[in-house]
Amino acid sequence: MPSIVEISDFHMTELDIYARLPEVQLRRLYEPQPGLFLAETKIVIARALEAGYEPVSFLVEKQKLPELKEFAPWADRVPVYAAEHELLTRLTGYEVTRGMLCAMRRKELSAPERLLPAAHRVAVLENVMNPTNIGAIFRSAAALNMDAVLLTSGCADPLYRRAIRVSMGTVFQIPWIYLDGDAKEGAVPGIRRLQEHGFLTVSMALREDSMSICDPKFRAAEKLAVILGTEGEGLSDETIAASDHTVRIPMSHGVDSLNVAAASAVAFWELGKRPDGE
């Protein structure tokens, strides 16, 4: 049975991870070991647990306590803090969506050498800083045939609460890693490594020499990496120069571009197609 601790004191140190520590501090809590993140909503928590993430504690609205039975035996091994909805809102500073949060330990990320050999379609994100966009891109990547997501160090953390929530927990379902190199260098070190692993690299960019996203060459590629940049500035010149091709999505009605999250869905749908027809 879960060990239920009813919240009576806002200043309980056990609640710091929910109420007082910003996400950057949670991420670095156990440096050099991986830190913590917060998962919100039952579906997100379930996907994290299924992916092997270890819970530290739960924070639950009292009337939602019966739903913890869905998370046995995990919830039986860690503290469960409970309070009325209004108290949880005051404690966390925001509405607790669907009444449940779970603090979890991060995992060590895979090395590219372990991830890339078996992958056929990957998304590469260069300095995408908005957590909402990160979450939406992960959801599209998981749904539309991407085998992994690779990020430069300038990207927002996929395990920030908002990114996790927007992704509907797909950040736990699709493998992801950070590329080598400083954020200022863009994805160039990663592009070279991808090419060494046999990937055809395509940069999504608005250029006169860009190829159509529907070019059959891309579907014929055994291994393909789709590279997307941040809002506004797009990809760095260095990244575009280092990639094999530049690709654009055809537009109409005078629209010049899509939000990066929307563009990712279109790109993954078309470029996620493989030679075997899958």
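Heavy-atom basis, side chains included; hydrogens, waters and symmetry copies ignored.
By the neighbour-count criterion of 12 heavy atoms within 6.0 Å, atom NZ of K107 is densely surrounded, having more than that number from other residues, nucleotides or ligands.
Counting heavy atoms from C-beta outward, L200 and L194 have side chains that stay 4.5 Å or more apart. Residues I7 and L15 meet the side-chain proximity criterion, which asks for heavy atoms closer than 4.5 Å. Two residues are said to be in side-chain contact when any heavy atoms from C-beta on lie closer than 4.5 Å; I45 and Y53 fail this criterion. I227 is listed as a side-chain neighbour of T201, based on a closest heavy-atom distance under 4.5 Å. Between E67 and M100, the closest side-chain pair of non-hydrogen atoms falls below 4.5 Å.
No donor-acceptor pair under 3.5 Å is formed between the side chain of K42 and the backbone N or O of L68. Remark: side-chain polar atoms of T170 are paired, donor with acceptor, to backbone N or O of S167 under 3.5 angstrom. A donor-acceptor contact shorter than 3.5 Å links the side chain of H120 to the backbone of E222.
The hydrophobic cluster containing Y160 does not contain M129, counting ILVMFWY residues as joined when their side-chain heavy atoms lie under 4.5 angstrom apart, directly or transitively. A single hydrophobic cluster is seen to contain both V80 and M104, as judged by linkage of ILVMFWY side chains at heavy-atom distances under 4.5 Å, directly or through other members. Under the 4.5 Å side-chain heavy-atom criterion for grouping Ile, Leu, Val, Met, Phe, Trp and Tyr, L38 is connected to L36 within one hydrophobic cluster.
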- Query: Can you check side chain to side chain contact (heavy atoms under 4.5 Å, CB included) on D215 and V247, steps first, answer last?
  - Reply: CA-CA 9 Å; D215 193 298; V247 175; over 6 Å; no
- Item | R162 and T132: CA distance, side-chain angles, deciding distance, side-chain hydrogen bond (donor to acceptor under 3.5 Å, both in side chains) verdict | CA-CA 6 Å; R162 185 167 182 80; T132 298; 2.6 Å; yes
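In summary, the aromatic rings of F58 and Y81 are positioned with their centroids too far apart to meet the 6.0 Å limit. The aromatic ring centroids of F172 and F138 lie 6.0 Å or more from each other.
With sequence neighbours excluded, no residue forms a salt bridge (charged side-chain N to carboxylate O under 4.0 Å, His left out) with R139. In terms of the side chain to side chain donor-acceptor pair (under 3.5 Å) criterion, Q25 has no residue partners (sequence neighbours excluded).
Side chains of S236 and E126: a donor-acceptor N/O pair is present below 3.5 angstrom, by distance only. Of the N and O atoms on the side chains of S212 and R248, not one donor lies less than 3.5 Å from an acceptor on the other residue. A side-chain donor-acceptor contact under 3.5 Å links S243 and S203.
Using a 4.0 Å cut-off between a side-chain N of Lys or Arg and a carboxylate O of Asp or Glu, E6 and K62 qualify as a salt bridge. We find that D157 and R106 are joined by a salt bridge, their nearest charged nitrogen and carboxylate oxygen being less than 4.0 Å apart. Using a cutoff of 4.0 Å between basic side-chain nitrogens and carboxylate oxygens, R219 and E270 are not scored as salt-bridged.
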